[in-house]
Amino acid sequence: FAAVMPLIALKLLVVWDLIEDVLAYIANGPRRRMLIEALSQTISNVDDARAGVPLILIGHSLGSVLLGHSVPGLNVGASVLLTCGSPLELMAKAFPRVVSSSGSIATRILSSSGIRNWINLYRDADYVGRSLRVERFENFSEKSIGDGGHADYYSDQRFWRAVLDVGITKPGPSSIT
């Protein structure tokens, strides 16, 4: 039992940290708007300076929600939005006045922002990030990368394999199976 307690405490700390971040994002409208504006401006600056190099925007967890709110008003050329472990749909259900549904955000992003493809990756045991269930866009795709929790997507070889499989530097819609 003593050996299990540190693992339980670590999991509780991760959950508490997530709840704290989400509540800070949801409850503090001025700070949220400042974050969205700052990220939008940063993306625009990078887009202006990239000289034709593909721009790939990657967001994990709450970062994917922030990207979803920051990208719709931009015109960023032939870029790719890659989300992973995204709680977007979960947050839209819990906080519909603050977070739009993934379908609504997809409509704004994929029809007017210049994003060429949006790819969402998730794990089967991820209690936060799941399928976004966006079905009406050919340039939206998603895939489970298998078992695993919410943390450490970027150190998971399956994540990077899926990114490479998508063919994110190729023109036109991506499809992953």
Engineer: Do N117 and F137 come within less than 4.5 Å of each other through their side chains, counting heavy atoms only?
Structural biologist: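 Counting from C-beta outward, N117 and F137 never come under 4.5 Å.
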
Engineer: Can you give me the closest heavy-atom contact between L74 and S44, atom names plus distance?
Structural biologist: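 Closest heavy-atom pair between L74 and S44: CD2-OG, 3.3 Å.
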
Engineer: Report the residues that fulfil side chain to side chain donor-acceptor pair (under 3.5 Å) with D147, sequence neighbours left out, ordered by chain and then residue number.
Structural biologist: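 Once residues adjacent in sequence are excluded, D147 has no partner under the side chain to side chain donor-acceptor pair (under 3.5 Å) criterion.
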
Engineer: When rounded to the nearest 0.5 angstrom, what distance separates CG in L67 from CH2 in W118?
Structural biologist: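 Answer for the CG-CH2 pair, L67 versus W118, is 9.5 Å.
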
Engineer: In residues 30-38, what donor-acceptor pairs under 3.5 Å come from side-chain atoms, sequence neighbours left out?
Structural biologist:
from	atom 1	to	atom 2	distance (Å)
R32	NH1	Y25	O	2.7
R32	NH1	I26	O	2.8
R33	NH1	G29	O	3.4

Engineer: Given the rule in the side-chain contact (heavy atoms from CB on, under 4.5 Å) test, do L82 and V163 qualify, once you have shown the distances and angles that lead to the verdict?
Structural biologist: CA-CA 8 Å; L82 176 63; V163 169; 3.5 Å; yes

Engineer: Answer yes or no: does atom CG of D152 have more than 12 heavy-atom neighbours from other residues, nucleotides or ligands under 6.0 Å?
Structural biologist: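 Not buried by this count: 12 neighbours or fewer within 6.0 Å.
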
Engineer: Sequence neighbours left out, what passes side chain to side chain donor-acceptor pair (under 3.5 Å) with S86? Give chain and number order.
Structural biologist: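 With sequence neighbours excluded, S86 shows a side chain to side chain donor-acceptor pair (under 3.5 Å) to S64, given in chain and number order.
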
Engineer: Can you name the nearest heavy-atom pair linking N120 to C84, along with the distance?
Structural biologist: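 Closest heavy-atom pair between N120 and C84: OD1-N, 4.1 Å.
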
Engineer: Any chain of hydrophobic side-chain contacts (each under 4.5 Å) joining L90 to L62?
Structural biologist: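 Looking at the clustering, L62 is in a separate group from L90.
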
Engineer: So, for G85 and V128, which heavy atoms are closest and what is the spacing to 0.1 Å?
Structural biologist: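 Heavy atoms only, the tightest pair is O-CG1, 4.3 Å.
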
Engineer: Looking at CG of L81 and CD1 of I119, how far apart are the two atoms once the value is rounded to the nearest 0.5 Å?
Structural biologist: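 L81 CG to I119 CD1: 8.0 Å, rounded to 0.5 Å.
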
Engineer: Tell me whether R116 contacts the main-chain N or O of V80 through its side chain, where contact means a donor paired with an acceptor under 3.5 Å.
Structural biologist: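 Not confirmed, R116 side chain does not pair with V80 backbone.
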
Engineer: Atom CZ of F140 and atom CG of L110: how far apart are they, to the nearest 0.5 Å?
Structural biologist: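 Those atoms lie 8.0 Å apart.
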
Engineer: Return a table of donor-acceptor pairs under 3.5 angstrom between the side chains of residues 48-58 and protein atoms on other chains or two or more places apart.
Structural biologist:
from	atom 1	to	atom 2	distance (Å)
R50	NE	D47	OD1	2.5
R50	NH1	V53	O	2.8
R50	NH2	D47	OD1	2.9
R50	NH2	V76	O	2.8

Engineer: Under the ring pair (Phe, Tyr, Trp, His ring centres under 6.0 Å) definition, can you give me all pairs with a residue in residues 44-68, not counting sequence neighbours?
Structural biologist: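 Listed once each, the pairs are H60-H150, H60-Y153.
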
Engineer: Provide the full list of salt bridge (charged side-chain N to carboxylate O under 4.0 Å, His left out) pairs with a residue in residues 81-104, sequence neighbours left out, each pair given once.
Structural biologist: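 Listed by first then second residue: nothing to list.
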
Engineer: Pair I105, V65 - check side-chain contact (heavy atoms from CB on, under 4.5 Å), show working.
Structural biologist: CA-CA 10 Å; I105 289 176; V65 176; over 6 Å; no

Engineer: Quick check: does any side chain N or O of S144 sit under 3.5 Å from a backbone N or O of G146, one acting as donor and the other as acceptor?
Structural biologist: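 At least one qualifying donor-acceptor pair exists.
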
Engineer: Supply the atom-to-atom distance S131 OG to L88 CG, rounded to the nearest 0.5 angstrom.
Structural biologist: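 If I round to the nearest 0.5 Å, the distance is 11.0 Å.
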
Engineer: Taking side chain to side chain donor-acceptor pair (under 3.5 Å) as the definition, give me every residue that meets it alongside S104, ordered by chain and number, with sequence neighbours left out.
Structural biologist: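 Testing S104 for side chain to side chain donor-acceptor pair (under 3.5 Å), a comparison that skips the adjacent residues, returns R108.
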
Engineer: Using only atom types and a distance under 3.5 Å, with no angle test, would you say the side chain of S102 pairs donor to acceptor with the backbone of V134?
Structural biologist: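 Between the backbone of V134 and the side chain of S102 there is no qualifying donor-acceptor contact (under 3.5 Å).
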
Engineer: Look at the side chain of R123 and the backbone N and O of I145, then say whether any donor-acceptor pair between them is shorter than 3.5 Å.
Structural biologist: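 No; judged by distance alone, with no hydrogens or angles, the pair does not exist.
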
Engineer: What pairs with S111 under side chain to side chain contact (heavy atoms under 4.5 Å, CB included), at least two apart in sequence or on another chain?
Structural biologist: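 By the side chain to side chain contact (heavy atoms under 4.5 Å, CB included) rule, S111 matches T107.
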
Engineer: Rounded to the nearest 0.5 Å, how far does CD of Q157 lie from CG of L164?
Structural biologist: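 So the gap between those two atoms works out to 11.0 Å.
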
Engineer: Under the rule for side chain to side chain donor-acceptor pair (under 3.5 Å), what residues qualify as partners of S112, not counting sequence neighbours?
Structural biologist: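 Per chain and number, S112 pairs via side chain to side chain donor-acceptor pair (under 3.5 Å) with no residue.
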
Engineer: Does some side-chain heavy atom of V71 sit less than 4.5 Å from a side-chain heavy atom of L39?
Structural biologist: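 When only atoms from C-beta onward are counted, V71 and L39 do not touch, as no gap falls below 4.5 Å.
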
Engineer: Could you check whether any side-chain N or O of E142 sits under 3.5 Å from a backbone N or O of Y122, counting only pairs where one atom can act as donor and the other as acceptor?
Structural biologist: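 Side chain of E142 to backbone of Y122: no pair is present.
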
Engineer: With a 4.0 Å cut-off on N to O distance, would you call R161 and D156 a salt bridge?
Structural biologist: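 The answer is no: the pair does not qualify as a salt bridge.
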
Engineer: Locate the shortest heavy-atom distance separating S101 from A92; write the atom from each residue and the value.
Structural biologist: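 Taking S101 first and A92 second, the nearest heavy atoms are CA-CB, 3.6 Å.
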
Engineer: Hey, does the side chain of S40 reach the backbone of S70 with a donor-acceptor pair shorter than 3.5 angstrom?
Structural biologist: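 Yes; judged by distance alone, with no hydrogens or angles, the pair exists.
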
Engineer: Give, for atom OH of Y154 and atom CH2 of W160, the distance between the pair rounded to the nearest 0.5 Å.
Structural biologist: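 With rounding to 0.5 Å, OH (Y154) is 7.0 Å from CH2 (W160).
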
Engineer: Sort and list the pairs that fulfil salt bridge (charged side-chain N to carboxylate O under 4.0 Å, His left out) and have at least one residue in residues 62-79, not counting sequence neighbours.
Structural biologist: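 Non-adjacent pairs meeting salt bridge (charged side-chain N to carboxylate O under 4.0 Å, His left out): zero.
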
Engineer: Who are the salt bridge (charged side-chain N to carboxylate O under 4.0 Å, His left out) partners of D126, not counting sequence neighbours?
Structural biologist: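 Result, salt bridge (charged side-chain N to carboxylate O under 4.0 Å, His left out) vs D126: none returned.
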
Engineer: Looking at every non-hydrogen atom in both residues, tell me the closest pair between D124 and R130 and how far apart they are.
Structural biologist: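 Result for this residue pair: O-NH1, 2.8 Å.
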
Engineer: Of all residues at least two apart in sequence or in a different chain, which pass the salt bridge (charged side-chain N to carboxylate O under 4.0 Å, His left out) check with R133?
Structural biologist: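 R133 satisfies salt bridge (charged side-chain N to carboxylate O under 4.0 Å, His left out) with no residue once adjacent residues are dropped.
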
